[in-house]
Structure formats: structure tokens, C-alpha cells
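Only one structure is covered here, and it is reproduced in the block below.
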Amino acid sequence: VMFSIIVQKKARFTSYRLDGLGLSLTDVTTGRETALLPQLKAGFPSIFRDREVVRARVEKGRQYVVKAVDATEGDWFAFSQPWEGGRLTWLTQPLLDSGKFMMLCGLLLLVAATFPMGQPKAT
């Protein structure tokens, strides 16, 4: 499953040091807890993106509990409802979240429409 997480912009400048904040996914049967916020440190922070995506591996048919902790005075984070991703979501999601990627695709389409290839010139 995947969660979209929004954090304060200042957290991106401190490499996601989120003291007192926590988000975890706990397996009800085994009690195994997976911390999700530390995954933010593994990626490259972007000041241009508003949200980050973190992933947690779950087993089909099991029950899980989402636990959020906020023991701070002014810091905050927000997260979405978990959503299921497929086998290639880890690859496609970052590409689709990238505004630069979308802009590059638009420019390539514009160039392709402006300069069609393979058409003979009229004489």
C-alpha cells in the first residue's frame, strides 16, 4: 500500500527531521510495526513537490492498523488514506509526480507535432 504524505516545507530543508512525529502501519495478527516517516529521509527532498509517497508491504487477507503520533507544539504532517499499488507503481508513481517529467513530455509532443517525421514534401 502507499500513502501520500504532506509535510511542512521547512522539514524538507532539514532532511525530514521530524522529531515527535510518527506514522506507522501495524499488522494486527503479528504486531509487527512498519515505520513510514523514516522512508522520507531515503528519498531526495524536493521543494517543488507538495506531497511525498511512502510505501509499505502488506500481505493479502491480513488486517492492519494505521497509527499517527504528534507530540510536538507546532510541527505537523498530513497523510492520505492508503491506496493499493501494482507491481510497477514504484516506477511510474515518481515519474507521474514529477512536474519536470510532465513538462518534458509536453515539449516532446509539441516538437513532434510541429516537425512531423516521415512525410514527403510536396513539390
> For Trp83, which residues count as a side chain to side chain contact (heavy atoms under 4.5 Å, CB included) partner, sequence neighbours excluded?
Replying inline: Met2, Ser4, Val53, Ser80, Thr89, Gln93
> For Thr34 and Tyr64, what are the C-alpha separation, side-chain angles and deciding distance, and is it a side chain to side chain contact (heavy atoms under 4.5 Å, CB included)?
Replying inline: CA-CA 10 Å; Thr34 305; Tyr64 293 86; over 6 Å; no
> Which is it for Asp27 and Arg32 under the salt bridge (charged side-chain N to carboxylate O under 4.0 Å, His left out) test, yes or no, and what are the steps along the way?
Replying inline: CA-CA 5 Å; Asp27 186 338; Arg32 195 180 107 231; 5.4 Å; no
> Looking at CZ of Arg55 and CZ of Phe3, how far apart are the two atoms once the value is rounded to the nearest 0.5 Å?
Replying inline: 12.5 Å
>> Within the supplied structure, the quantity of interest is the number of heavy atoms (other residues, nucleotides, ligands) at a distance under 6.0 Å from Arg62 CZ; does it exceed 12?
In response: yes
> Between Leu36 and Phe79, is any pair of side-chain heavy atoms under 4.5 Å apart?
Replying inline: no
> Closest approach of Ala68 and Phe77, non-hydrogen atoms and distance?
Replying inline: CB-CZ, 4.3 Å
>> Is the shortest side-chain heavy-atom distance between Leu37 and Val54 below 4.5 Å?
In response: no
